[in-house]
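Notes follow the structure.
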Amino acid sequence: MADRRIPLLRRDRKGERLSDVDTARIAETVAQLHHRSKATLHERLHRVRMSIGLAVQAGLAAGLSWFASHDLLGNPQPVFAPISAVGTLAVSVGQRFRRTAELIIGVAVGVGVGDLLVYFLGAGPWQLGLVVTAAILLTIFAGGSVAIVIQAAATAVLIVTLSPQVKNLELPRFIDALVGGGIALLVTAILLPLNPLRVLNRAARPALDLLAAQLDITADGLRERDRQKIQTALDRLRDNKEELTTLTEAIEGAKETTLLSPARWHRRSELTHYAEAADPIDRAMRNSGTLIRRAVTLIEDEEPIPEPMPDAVAHLAESVRLLKKEFAHGEEPEQARERSLRAVSEAGRAYAAGVGFSGSVVVAQVRTTASDLLVASGISQEEANRLVRKSFGEMERPGAPAGPEPAPKPPTAPPVG
C-alpha cells in the first residue's frame, strides 16, 4: 500500500506545481487584458474629448442649414443642405474652404451632366450608369480632386433617379450645397470657432509623446544591452504616420481658424512656433529612427557603449517633453534647448570615451536630432548648428589637440514612417 501511495503523492505534487504555473499564467493574462481594456477606454475617451468641438459644430451647422434652406429660402425638403454642411465639417480641419468649393463644383458638374443626358436619353438603369460614368470621366479630365469626382457622381445619381418624381431639382440642389457649405464655414469662423492653440496642443501631444517614449526606451535598452527592447522602440517609431498627419492637419486647421475667425485673430502670432516646428519635428522623428536602428546594430555587433551614450539619448527624450510642455504654456522653449545641448555634450563625452562604427553613427544622430529640436524651438538652422558644434566639445575646433577624428555624418536615412 505504501508503495502505491508514493507515486500518487508525487503525481499530486506535480499536479499542484502545474496548477500553480497555470494559475500564474492565467493571472498574468487577466492582468494584461485588464491593462489593455483600461488603455483602450482611455484612448476612446481621449478621442471623444478631441471630437466634442467638431460634433457640436456639425450639429449646429446641420440645424442652421436646414433652417436657412427651409424657412428662409422656402425649400420644402432641404435634405442636401445639412448633408453638405456636415460633409464640409467632416473633412480634415484646414481643408474646409477647399471642401466647400469642391462641393459646389462637384454639384454643378453633376447637375449639368445629369440634366443634359436625361434630356436626350431619358431616365433608366442604363442611363444612370452612363451619366455616372460621364460625370466621373469629365471631372477627372478637368483635373478634379477625389471629392469633386464623388460629389459629381452622387449628384448625377440624384438627378437621374429623382428628377422624374421631383421637378426642378437642379437649382435647389445647387443652392443647398452653397447654403450647407457656407453655414459650415460660418459656424467654424464666427459662431463656434475652436481655440486653435488648444487644438494644436492636443494634436502635438501624440507625436511628441511617441518620440520621447521611444527615445527613453532606447536609452534603457542601451544601458541594459537589450536588443529586443530597442527593436520594439524602432518598430513603434516607424509607425508614426497617424501622429504626424494629425499634427500637420491641426496646424493647417489652426491657420484656417485664425484666418476666418475675427475672435481668433489675436492668436496668429502664437501659432508661429507650431507652424514652423512641424517640419523639424518630422525630421527629428526620421533622424531618431536612424539613431535607434543603429543602436540595434551596435548591440548586435557587441560594440562598446560608453556610459554617456544612453544619457545623451535620455536627454533627447526629455528635451522633447520639455518642448511639448513649453509650447502648451506659450513659453519660450529655453529648457528644451538647454536639454538638447546637454544631449549633444553627453554624446561628445561618449565619442571621446571610444565608440565603434555604429556607435559613431548613434553619436552623429544625437547631434542631428538635437539640431532638429533646436530648430523646432524657434532657432535658425545656422545658429542651431553652431550651438551643436560648440556643445559637442573641443574635438571639432580648429587647432584642437590631437585625438580621434569626429565621425563623418552618415547618409540621410530613408523615412522611418
Side-chain angles (χ1 to χ4, degrees), residues 37-72 75 77-104 106-107 145-147 150-151 154 176-210 241-265 267 270-271 274 324 327-328:
S37 65
K38 287 178 63 177
T40 303
L41 178 61
H42 177 75
E43 291 171 1
R44 291 178 180 178
L45 291 175
H46 176 69
R47 288 198 296 268
V48 168
R49 287 195 298 269
M50 290 281 289
S51 305
I52 286 176
L54 175 61
V56 174
Q57 284 183 334
L60 180 60
L64 287 177
S65 58
W66 176 281
F67 172 79
S69 185
H70 182 272
D71 296 329
L72 300 182
N75 185 350
Q77 291 188 339
V79 177
F80 305 119
I83 290 176
S84 299
V86 174
T88 298
L89 287 168
V91 298
S92 301
V93 291
Q95 300 178 5
R96 289 169 181 168
F97 251 153
R98 190 180 74 184
R99 174 65 170 182
T100 301
E102 289 175 341
L103 194 69
I104 295 169
V107 168
S145 66
V146 174
I150 293 173
Q151 194 58 234
D176 277 354
L178 186 62
V179 168
I183 291 292
L185 292 179
L186 176 68
V187 168
T188 58
I190 307 295
L191 301 180
L192 283 179
L194 299 179
N195 185 331
L197 281 181
R198 186 176 302 163
V199 172
L200 279 174
N201 288 333
R202 289 176 178 174
R205 192 180 306 142
L208 296 176
D209 284 345
L210 172 67
K241 289 183 179 179
E242 181 179 350
E243 288 83 1
L244 288 177
T245 299
T246 300
L247 176 58
T248 302
E249 289 179 351
I251 290 173
E252 293 303 315
K255 290 179 181 177
E256 184 183 71
T257 300
T258 54
L259 175 66
L260 295 176
S261 175
R264 303 300 184 192
W265 284 347
R267 296 285 191 182
E270 298 178 45
L271 298 177
Y274 275 113
K324 178 188 72 172
F327 271 5

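These numbers were taken from a predicted model, which means no experiment stands behind them. Values below: every heavy atom of this structure, side chains too, minus hydrogens, waters and symmetry copies.
With rounding to the nearest 0.5 angstrom, the CH2 atom of Trp66 is 13.5 Å from the CG atom of Leu72. With rounding to the nearest 0.5 angstrom, the CG atom of Leu60 is 9.0 Å from the CD1 atom of Ile183.
Taking the side-chain contact (heavy atoms from CB on, under 4.5 Å) definition, one finds that Ala58 meets it with Leu89, sequence neighbours left out. Remark: Ser65 pairs with no residue by the side-chain hydrogen bond (donor to acceptor under 3.5 Å, both in side chains) rule, at least two apart or across chains.
Across every non-hydrogen atom of Lys324 and Leu208, the tightest pair is CB-CD1, 3.5 Å. Smallest separation of non-hydrogen atoms from Pro82 and Ala62: CB-O, 3.7 Å. Minimum heavy-atom separation, Pro78 to Ser69: CB-OG, 3.1 Å.
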